[in-house]
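Reading through the structure tokens given below for one structure.
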Amino acid sequence: MPSLCSCSLVLLVLSCILSTVECTIDRKSIVQQYNLKLSQSHPYSPIQVGNGRFAFGADVTGLQTFLPHNTLSSWGWHNSSLPTTPNQTLPEDYTGVDWWTHDRLVNYEQPNPTQKDISQWMIANPHRINLGRIGLWFDGHNITEQSLGGKTQSLDLWTGVISSSFILNGEKVNVTTVVSPETDTVAVKISSKLLTQGNLGVIFDFPYATGKNKFDTPFVGLFNATSNHTTRLSASDGRAVITHTLDATTYVADIAWEGNATLARLSKEEHKYVLKTAQQAETMSFTATYAQHAGNTTCTSVEDVLKTSTAWWADYWSSGAFISLPTVTNSSANELQRRIILSQYLLAVNGAGKDPAQESGLVNNGWYGKFHLEMVFWHLAHWVFWSKWDLYNRSIGVYDRFLMSSFDRAKKQRYDGARLGKMSDPSGRSAPGEINSLLIWQQPHPMYFAEMEYRTFPTAATLRKWDHILGPLADFMASYAFYNTSTHVYDLGPPMYPVSENTPPNATVNPIFELAYWRFGLAVASAWQVRQNKSVPEKWTHVHDNLAPFPVENDTYVTYEGIRDMWTTPEYTEDHPGLLGIYGWLPPEPRFNLTIFENTIAKVHETWNFPFSYGWDFPLLAITEARRGDAERAVKWLLDVNNEFDELGMPVGGTRVPTPYFPSAAGLLLAVGMMAGGWDGREGMVWPEGWRVEAEGFVRGM
Ligand SMILES: *[C@@H]1O[C@H](CO)[C@@H](O)[C@H](O)[C@H]1NC(C)=O
Ligand SMILES: *[C@@H]1O[C@H](CO)[C@@H](O)[C@H](O)[C@H]1NC(C)=O
Ligand SMILES: *[C@@H]1O[C@H](CO)[C@@H](O)[C@H](O)[C@H]1NC(C)=O
Ligand SMILES: *[C@@H]1O[C@H](CO)[C@@H](O)[C@H](O)[C@H]1NC(C)=O
Ligand SMILES: *[C@@H]1O[C@H](CO)[C@@H](O)[C@H](O)[C@H]1NC(C)=O
Ligand SMILES: *[C@@H]1O[C@H](CO)[C@@H](O)[C@H](O)[C@H]1NC(C)=O
Ligand SMILES: *[C@@H]1O[C@H](CO)[C@@H](O)[C@H](O)[C@H]1NC(C)=O
Ligand SMILES: *[C@@H]1O[C@H](CO)[C@@H](O)[C@H](O)[C@H]1NC(C)=O
Ligand SMILES: *[C@@H]1O[C@H](CO)[C@@H](O)[C@H](O)[C@H]1NC(C)=O
Ligand SMILES: *[C@@H]1O[C@H](CO)[C@@H](O)[C@H](O)[C@H]1NC(C)=O
Ligand SMILES: *[C@@H]1O[C@H](CO)[C@@H](O)[C@H](O)[C@H]1NC(C)=O
Ligand SMILES: *[C@@H]1O[C@H](CO)[C@@H](O)[C@H](O)[C@H]1NC(C)=O
């Protein structure tokens, strides 16, 4: 049974619609305790409003006035022009690279040194675009953030509304900013006497795509490449449609305002448009809807957007799971509660689109705006534990959509079934890369998701939803495993990269996490067959039963079979401690030996170079500690000094990844979900002694 519980806004306790869980926590007061209250712009992290597919990042004015924070979407992408190098002018010219793989050549999607230009084009294209900037306009006066007095800004998490105010030339200016949960619309209301003087307005500007930088942070797009793109204005009463064309990419900004105002291009050669009130009005209200096609926008008002946003967010907070930590008596609990609430807000804003989120969500671009299939687990699994199935279902369809390209990938490499790619754009193409082409841990994620879904919804519909996906993925897994005639076991790799991406690929064989995950995935795929009264392919069973044993050295698990000096080689202790995933992330399996694992975790504590760890490493450690029953340590990992969340709740990246790095936030919620909901064999919660924790609606893990 789904453990959904929804509470009305007013009478939380009395009006709970109960299924299996009672909701008794005063969610609203806990959520609002963490409302953002700011008094200046943050040069790196914007204050955001958004709907999971579209987000608007603002500075202290509630708009993009002083800092060009981004407006990103799940659908806005652009291709730069193709190279003109002979024989490298089309994606079809790119051939990849052949590597020896168990006595045959396999073609991998890696940059080809003899085709540098088209290889790089395939990596950098398409890239996600910044749809545009909306800021206050001061009629050419040199107003800076320092010119403003009395700056206050708040974000009400319960309604999804930003309220900003400041004083300019002795007059108060109030700005309300909100995004529609239904359309990609930002709605803005400005009130100030300054509007009547004609030198306060709103400017809309449209940048060209950059496409050059892997990490395009904190600002995306070029506002000075004005001759490389066009904007066209079509205005009518109270409405203007600006069509923006960047090479083959076209989209519209449909702007609608209330009252007597005009929108006009600021100067001929640029892409700047100004909206000014034309009469003695002290308020200005407008909506700006971004869409791929003109005519695909509906006219909406600021009041409508405020209403739908308020209702959507109240429902978001009221449904699914919730947790209350002892925030008054313990400052660690308070900081953890802050991270939980702000992560919940930010993931609903940044990580609930048609495709899974990129690491930096809709804040800025990492990896050209692309998303990574091995990270789908970290981005999406928390929705399951928190019983937020609607949001989960928005992006889980990616496996269905990418099935065809995955079949092609496997076929080209002469494997059976379907092989999932890695660094992806919405078409399912995987960007060339040595690591990209040699990772394998993305492959069993769908088995994990399918199994978690089936435990909550054990229906024929769930079986059908995943059947055509799990079968081909398992076929690939079985055919990828290589039967070693001297050891009589199936090997994984070489060549390959394990989770930690830091071992020599041509020597990496039988990495422990991947062995465990392969067995897990094949077991789920087989159970899926049995549940449908279908026979289990013999090959799956044979591979599952005869996969190489977990690599052990000196009674300690190691990253892969034959690794040398693992605990004393900095390279090996400066990345994801992926090997711990076999106990925590995954349930223990028959081959698992707790004594050996305890030696392993002791070694990790003793030797690991944690300042190099980042992102989901800390939630991974927390989940492992929780499964071991060490709640103190689990909490400590979630609050580790190397696992920072800034004032706005943005998870800070590391030395190798940009900020924000949302797998940290999503991983935190996953860890908290498991600590609150338990797992098979552990019914109760796992929290430090003396913590009074209330939790409701969590889904139990495996
Ligand atoms: C970019 O080019 C690729 C390859 O030609 C194409 O499949 C894709 O649709 C293009 N995307 C955009 C946004 O133009
Ligand atoms: C392009 O390809 C053709 C045939 O595939 C070959 O003859 C020619 O030398 C190539 N040109 C370059 C510049 O590599
Ligand atoms: C792995 O082996 C292939 C040959 O099969 C070689 O081309 C490649 O450079 C090797 N990679 C590394 C990282 O040594
Ligand atoms: C605007 O004013 C700031 C100081 O407030 C000054 O640093 C800056 O140079 C001025 N810019 C222009 C274009 O005058
Ligand atoms: C701005 O908002 C504050 C608080 O709601 C209100 O008291 C004030 O009158 C508003 N000022 C203007 C100019 O709208
Ligand atoms: C355009 O702006 C970028 C920064 O956004 C800057 O690096 C570049 O030099 C500018 N180019 C020109 C031609 O002004
Ligand atoms: C803009 O177009 C010109 C002419 O095609 C080109 O040389 C230049 O590189 C383009 N600028 C950018 C930022 O793509
Ligand atoms: C709008 O304002 C302009 C300029 O102030 C004025 O000429 C026009 O009559 C006004 N229109 C309406 C419908 O009020
Ligand atoms: C608007 O978008 C929907 C899907 O989002 C599509 O089905 C419909 O055809 C579009 N309408 C127009 C006029 O483009
Ligand atoms: C908060 O709880 C943690 C975990 O039990 C504990 O280590 C810490 O000392 C507590 N802090 C305070 C201020 O009580
Ligand atoms: C195993 O233990 C022996 C003896 O202590 C030591 O020499 C060897 O380096 C250890 N092996 C590994 C992989 O740590
Ligand atoms: C686990 O490993 C230890 C150390 O190698 C061994 O002594 C023990 O028998 C193993 N336990 C099981 C259940 O296999």
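The chain is numbered in sequence order, starting from 1. For ligands, and for the atoms within them, numbers begin at 1 and follow the listed sequence.
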- [ ] Between E632 and ligand 10, find which residue part has any heavy-atom pair under 4.0 Å and reply side chain, backbone, both or neither.
- [x] side chain
TODO: Measure the distance from atom 4 (C) of ligand 1 to every protein heavy atom, then report the residue, atom name and distance (to 0.1 Å) of the closest one.
DONE: P91 CG, 3.9 Å
Task: Proximal atoms of ligand 10 relative to W691 (non-hydrogen, under 4.0 Å) - done: 1 (C), 2 (O), 3 (C), 4 (C), 5 (O)
- [ ] Looking only at protein heavy atoms, identify the closest one to atom 13 (C) of ligand 1 and say how far it is in Å.
- [x] W77 O, 3.5 Å
Open item on the list: Is it the case that the side chains of D93 and Q88 hold a donor-acceptor pair, with the cut-off being a distance below 3.5 Å and no angle test?
Closed with: no
Open item on the list: Starting from atom 5 (O) of ligand 3, what is the nearest protein heavy atom, named by residue and atom, and what distance separates them?
Closed with: W100 N, 2.7 Å
Open item on the list: When you measure from the centre of the six-membered ring of Y415, is the NZ or CZ of R104 closer than 6.0 Å and no more than 45° off the axis?
Closed with: yes
TODO: Identify the protein heavy atom lying closest to atom 2 (O) of ligand 10, giving its residue, its atom name and the separation to 0.1 Å.
DONE: N330 ND2, 2.3 Å
TODO: Looking only at distances, please establish whether an N/O atom of ligand 1 is found under 3.5 Å from an N/O atom of H78.
DONE: no
- [ ] Take atom 11 (N) of ligand 1 and look for protein heavy atoms under 4.0 Å from it; say yes if you find one, no if not.
- [x] yes
- [ ] Give a yes or no on whether the backbone of G132 and the side-chain of T71 come within a donor-acceptor separation of less than 3.5 Å.
- [x] yes
- [ ] Check ligand 10 against P688 and write out every atom of the ligand that is under 4.0 Å from a heavy-atom position of the residue.
- [x] 4 (C), 5 (O)
- [ ] Could you tell me how the ring of H244 sits relative to the ring of H271: parallel (under 30°), tilted (30 to 60°) or perpendicular (over 60°)?
- [x] tilted
- [ ] Tell me which one of D98, L105, N506 gets a heavy atom nearest to atom 14 (O) of ligand 3.
- [x] N506
- [ ] Look only at the side chain of N484 and the backbone of S486, and say whether a donor-acceptor pair between them is shorter than 3.5 Å.
- [x] yes
- [ ] Give the numbers and elements of all ligand 1 atoms closer than 4.0 Å to a heavy atom of W121.
- [x] 2 (O)
Open item on the list: Please confirm whether W75 approaches ligand 1 to less than 4.0 Å, judged on its heavy atoms.
Closed with: no
Open item on the list: For R401, I'd like to know if atom CZ has over 12 heavy atoms of other residues, nucleotides or ligands within 6.0 Å.
Closed with: yes
Task: Partner of N643 by side-chain contact (heavy atoms from CB on, under 4.5 Å), out of S613, P651, S664 - done: S664
Open item on the list: To check your reading of the model: name the closest protein heavy atom to atom 3 (C) of ligand 1, its residue, and the distance in Å.
Closed with: N79 ND2, 3.6 Å
Task: Short side-chain to backbone donor-acceptor contact, T210 and G221, under 3.5 Å - done: yes
Task: F645 backbone acceptor or donor facing R338 side chain under 3.5 Å - done: yes
- [ ] For atom 9 (O) of ligand 3, find the nearest protein heavy atom and state the residue, atom name and distance (0.1 Å precision).
- [x] W99 CZ2, 4.2 Å
